[in-house]
Amino acid sequence: MLTDKHVAIIGGDARQLEIIRKLSTLDAKISMVGFDQLNDGFIGASKQTMDDIDWSTVDAILLPVSGMSTDGKIDTVFSNEELELKTEQLSKTPEHCVIYSGISNEFLDDCVEKSNRSLVKLMERDDIAIYNSIPTAEGTIMMAIQHTDITIHRAKVAVLGLGRVGMSVARTFSALGADVKVGANESYQLARITEMGLTPFHTSHIKEELRDVDLCINTIPALIITANVLAEMPLHTLIIDLASKPGGTDFRYAEKRGMKALLAPGLPGIVAPKTAGQILADVLAELLTNEATN
Ligand code: NAP
């Protein structure tokens, strides 16, 4: 239980509601900032402004999955209020206060460092990344169906990268009957691809390997589908780029060549906000409970 734990939840989207629901069930005291247009009420949770919060009692701060902008602004879909978290507010929290954010940037890192608090980047955790790969794979299927006129079954699909997302996407498309090849750069990954019953190729051969695919799904966060590679791909190939912005595709050249290349960020929050929220809520509840018992 999180009785007596004070958590400030600042900004966010529908995913935050699942977190608030979970923490409320665990008896936490919750200050919700940036939720003034939300009609739902939660036991133990109160809507507040940044100025109302008694920072000296805050044990944990939860920022949105996107963290904060490069100038310190925090997004919220439930308010028109402009939200900003400053070093001076963080400095007023108890020393043990932990900041949880999906991702971080220089601005947030700097704020946390100056206030001498600790930061947990939830999206970098293996457990969250693996759970999140499930709605990501489902969202990729949705996009493939929406943007092609062929079935996934029997389609020639290339997945680039065998990380947490690549593995789920490759397995899911294969289960739907696609002919899946996977590009990776490490020999243990090529071995794993073979073990999964899929066709491996080394990313150094990407140009030759993408010459005959209907769908190419990139998960590698580096420019890998270059103009050079695109120039030899069939014009009908759909590229779905899942890697974080700016993706791994030369979108300018793809457009010039008349190919459809889509950057598809944030699929879990789009196709399954409730599940994506529950994934975060479960892990966060465990982290806060562990802290409370330590
Ligand atoms: P990950 O587990 O780190 O996997 C990334 C893979 O890319 C690894 O296999 C890595 O190989 C490989 N890689 C990195 N740089 C490479 C390069 N230059 N050449 C060849 N391979 C390279 O990451 P993940 O969790 O799967 O996430 C992949 C991307 O998707 C990230 O950018 C993440 O932010 C994004 N993402 C997007 C969504 C969405 O909705 N669109 C959802 C979740 C995640 P090594 O292990 O050998 O480095």
Side-chain angles (χ1 to χ4, degrees), residues 12-15 64-67 75 101-105 108 121-147 157-173 180-196 198-210 215-226 228-230 238-251 260-280 283:
D13 53 31
R15 288 172 280 189
V65 170
S66 56
D75 278 343
S101 176
I103 56 173
S104 188
N105 58 18
L108 177 55
K121 291 175 248 179
L122 293 168
M123 289 299 161
E124 283 186 5
R125 289 178 56 94
D126 255 346
D127 48 6
I128 290 189
I130 293 170
Y131 286 129
N132 253 335
S133 72
I134 303 166
T136 306
E138 290 189 12
T140 312
I141 293 168
M142 176 190 79
M143 294 193 68
I145 292 171
Q146 279 173 343
H147 293 280
V157 177
V159 176
L160 303 177
L162 191 77
R164 296 159 302 189
V165 174
M167 189 175 286
S168 301
V169 167
R171 190 185 287 120
T172 307
F173 275 79
V180 179
K181 58 167 94 168
V182 184
N185 57 357
E186 298 287 346
S187 67
Y188 78 91
Q189 293 170 330
L190 299 175
R192 177 60 68 197
I193 296 161
T194 308
E195 177 277 325
M196 290 166 74
L198 309 176
T199 308
F201 70 89
H202 196 280
T203 43
S204 57
H205 299 139
I206 185 170
K207 198 166 153 181
E208 301 79 49
E209 295 290 345
L210 296 191
L215 175 60
C216 175
I217 302 162
N218 177 48
T219 74
I220 296 177
L223 181 59
I224 181 123
I225 311 177
T226 58
N228 209 8
V229 172
L230 286 162
L238 170 69
I239 298 164
I240 302 178
D241 199 332
L242 300 175
S244 51
K245 281 181 195 165
T249 308
D250 185 335
F251 289 99
K260 202 186 262 185
L262 309 167
L263 185 62
L267 288 175
I270 295 168
V271 299
K274 193 176 173 78
T275 309
Q278 283 166 346
I279 291 168
L280 289 169
V283 173

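Order of listing sets the numbers, starting from 1, for every ligand and every atom in it.
Surrounding CZ of R192 are at most 12 heavy atoms belonging to other residues, nucleotides or ligands under 6.0 Å away.
Inter-residue side-chain proximity for L160 and C216 is flagged as met; some heavy-atom pair is nearer than 4.5 Å. For the pair K121/I103, no side-chain contact is recorded, criterion being any heavy-atom separation below 4.5 Å from C-beta on.
With values rounded to the nearest 0.5 angstrom, T249 atom OG1 is found 5.5 Å from N218 atom CG. Between the CD1 atom in I224 and the CG atom in D250 there is a gap of 13.0 Å [rounded to 0.5 Å].
Residue pairs meeting the salt bridge (charged side-chain N to carboxylate O under 4.0 Å, His left out) criterion with at least one partner in residues 261-277, sequence neighbours excluded, are E18-K274.
Residue-level contacts of ligand 1 at the 4.0 Å heavy-atom threshold are T136, L162, G163, R164, V165, N185, E186, Q189, T219, I220, P221, A222, L242, A243, S244, A264, P265, G266, L267, P268.
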